[in-house]
Amino acid sequence: MASLTSLSFFLTLFLAVSILPLSSPRKLTESEPQLKFQYHRGPLLTGKISVNLIWYGNFKPSQKAIVTDFITSLSSPKPLTAQPSVATWWKATEKYYQTPSPKLALSLGSQILDENYSFGKSLTTDQIVKLASKGPQRNAINVVLTSADVAVEGFCSSRCGTHGSSMGARVNGKRYKFAYIWVGNSETQCPGQCAWPFHQPIYGPQNPALVAPNNDVGVDGMVINVASLLAGTVTNPFGNGYFQGPKEAPLEAASACTGVYGKGAYPGYAGNLLVDPTTGASYNANGVNGRKYLLPALVDPKTSACSTIIV
């Protein structure tokens, strides 16, 4: 199994962003070799990839709809979705593909329900991988989502989610490596770490929390982390793609821009965002079925700057 990549929570924001000028997006330059964003010549995900969801624990239908609509929104045609859109945000990942290859196309795949907590309510990393392996393993990203009453090894203390890869079951005499993601619902365990800016942070400036666009602090926070890890998965699926820093703890396409959601972001401030006039919710991307989401900035590999969807 490849080494895991953990999604740092809010504390990382102050370590990473506070060293930067507050009025400009993060810029990784030659004068900062320790921050250089590099391609390590490994494969990226290409072709048609299904995103399969493994729901572990108790999720309401409305919560599942928030996540499934987000996955569907990744490939939603422009005419069907108001701008700026989730699909436009995702299109920025195309800049990572340097050579002609089958175009990456994500789509919502199968959904597996484990409402009876087959491994209990306290999971190890190995159990997360076992859950992920329940999904289809060829041309797939299997996403394990744990409900708010499930504790996971390292959850809140060091991570909000993880992505990695594992060897799948033998099919026709061959074994294939598949990519997986895990994200937990932090609403009752650590929303100040893993659901910021929809909850006040446990560290740093205590600005008022933003209103969650789908009125669910935990699941709207999960979407942010799923989005960040999806970007990391396709651009660094096996630990030798795009990242900066040590391979054991890399900063990737989105995690290198921790806490940056709009122009002018700085510690404690997510940046200039759109606000729904009816609900007062903050967001920066429109999705299918009238959904609104808050999505992280992505590193532009050509400029090494954090690029936000709202310009």
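The model shown is predicted, which means the values in this text are computed figures rather than measured ones. Numbering starts at 1 and runs along the sequence shown. Every heavy atom of this structure was used, including side-chain atoms; hydrogens, water molecules and symmetry mates were not.
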Measure across [X] and [Y] and return the closest heavy-atom pair with its distance rounded to 0.1 Å.
X      : Y      : answer
Ser85  : Ala285 : C-CB, 3.9 Å
Leu131 : Ile54  : O-CG1, 3.9 Å
Val299 : Cys257 : CG2-SG, 3.5 Å
Thr146 : Met222 : O-CE, 4.0 Å
Tyr97  : Leu44  : CE2-CB, 3.7 Å
Ile309 : Asn284 : CG2-O, 3.3 Å

Close side-chain approach of [X] and [Y], heavy atoms under 4.5 Å:
X      : Y      : result
Leu294 : Asp220 : no
Glu187 : His199 : no
Trp55  : Gln111 : yes
Asn240 : Pro43  : yes
Asp300 : Lys95  : yes
Phe198 : Ile224 : yes
Leu230 : Ile71  : yes
Val223 : Leu295 : yes

Same cluster for [X] and [Y] if Ile/Leu/Val/Met/Phe/Trp/Tyr side chains link at under 4.5 Å?
X      : Y      : result
Ile310 : Val211 : no
Ile49  : Leu145 : yes
Ile112 : Val150 : yes
Val275 : Tyr261 : no
Val51  : Leu298 : yes

[X] side chain to [Y] main-chain N or O, any donor-acceptor pair under 3.5 Å?
X      : Y      : result
Asn236 : Gly241 : yes
Tyr269 : Pro205 : no
Asn225 : Gly161 : no
Ser50  : Asn52  : no
Ser147 : Asn58  : yes
Thr93  : Trp90  : yes
Tyr180 : Val129 : no
Thr124 : Gln127 : yes
Asn214 : Ile66  : no
Asn142 : Pro136 : yes

**OP:** Check step by step if side chain to side chain contact (heavy atoms under 4.5 Å, CB included) holds for Val219 and Val67.
**Re:** CA-CA 8 Å; Val219 177; Val67 178; 3.9 Å; yes
Original post:
Ion pair present between Lys64 and Glu115, side-chain N to carboxylate O less than 4.0 angstrom?
Top reply: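 Counted as a salt bridge, because a side-chain N and a carboxylate O are separated by less than 4.0 Å.
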Rounded to the nearest 0.5 Å, how far apart are [atom1] of [X] and [atom2] of [Y]?
X      : Y      : atom1 : atom2 : value
Thr233 : His163 : OG1   : NE2   : 4.5 Å
Ile141 : Leu45  : CD1   : CG    : 5.5 Å
Cys160 : Gln193 : SG    : CD    : 7.0 Å
Cys194 : Gln189 : SG    : CD    : 9.0 Å
Tyr56  : Phe119 : OH    : CZ    : 7.0 Å
Leu108 : Leu74  : CG    : CG    : 9.5 Å

Under the salt bridge (charged side-chain N to carboxylate O under 4.0 Å, His left out) rule, what pairs show up with a residue in [range], not counting sequence neighbours?
range            : value
residues 273-282 : Asp276-Lys292
residues 65-76   : Asp69-Arg291
residues 148-157 : Lys121-Asp149

Subject >> Audit row: Ser75, Leu106, side chain to side chain contact (heavy atoms under 4.5 Å, CB included) steps and yes/no >> reply: CA-CA 7 Å; Ser75 57; Leu106 297 186; 5.9 Å; no
Pairing donors with acceptors under 3.5 angstrom, does anything connect the side chains of [X] and [Y]?
X      : Y      : answer
Ser255 : Thr258 : no
Thr235 : Glu252 : no
Asp216 : Gln63  : yes

**OP:** Could you check Val143 against Val183 for side chain to side chain contact (heavy atoms under 4.5 Å, CB included), going step by step and ending with a plain yes or no?
**Re:** CA-CA 8 Å; Val143 182; Val183 171; 5.6 Å; no
Subject >> Output field: ring centroids Tyr293/Tyr283 closer than 6.0 Å >> reply: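 No, the ring of Tyr293 stays outside the 6.0 Å limit from the ring of Tyr283, centre to centre.
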Original post:
Is there a side chain to side chain contact (heavy atoms under 4.5 Å, CB included) between Gln137 and Lys177 once you walk through the steps?
Top reply: CA-CA 8 Å; Gln137 296 174 2; Lys177 186 178 288 188; over 6 Å; no
**OP:** Decide ring pair (Phe, Tyr, Trp, His ring centres under 6.0 Å) for Trp182 and Phe155; before the verdict, give the C-alpha distance in whole Å, the side-chain angles of both, and the deciding distance to 0.1 Å.
**Re:** CA-CA 10 Å; Trp182 158 72; Phe155 188 31; 5.3 Å; yes
**OP:** Using only the SG atoms, decide whether Cys190 and Cys156 are less than 2.5 Å apart.
**Re:**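 Cystine link detected, SG atoms below the 2.5 Å cut.
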**OP:** Please work out which of the three classes, parallel, tilted or perpendicular, describes the rings of Tyr96 and Tyr242, given edges at 30° and 60°.
**Re:**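 Answer is perpendicular, since the angle exceeds 60°.
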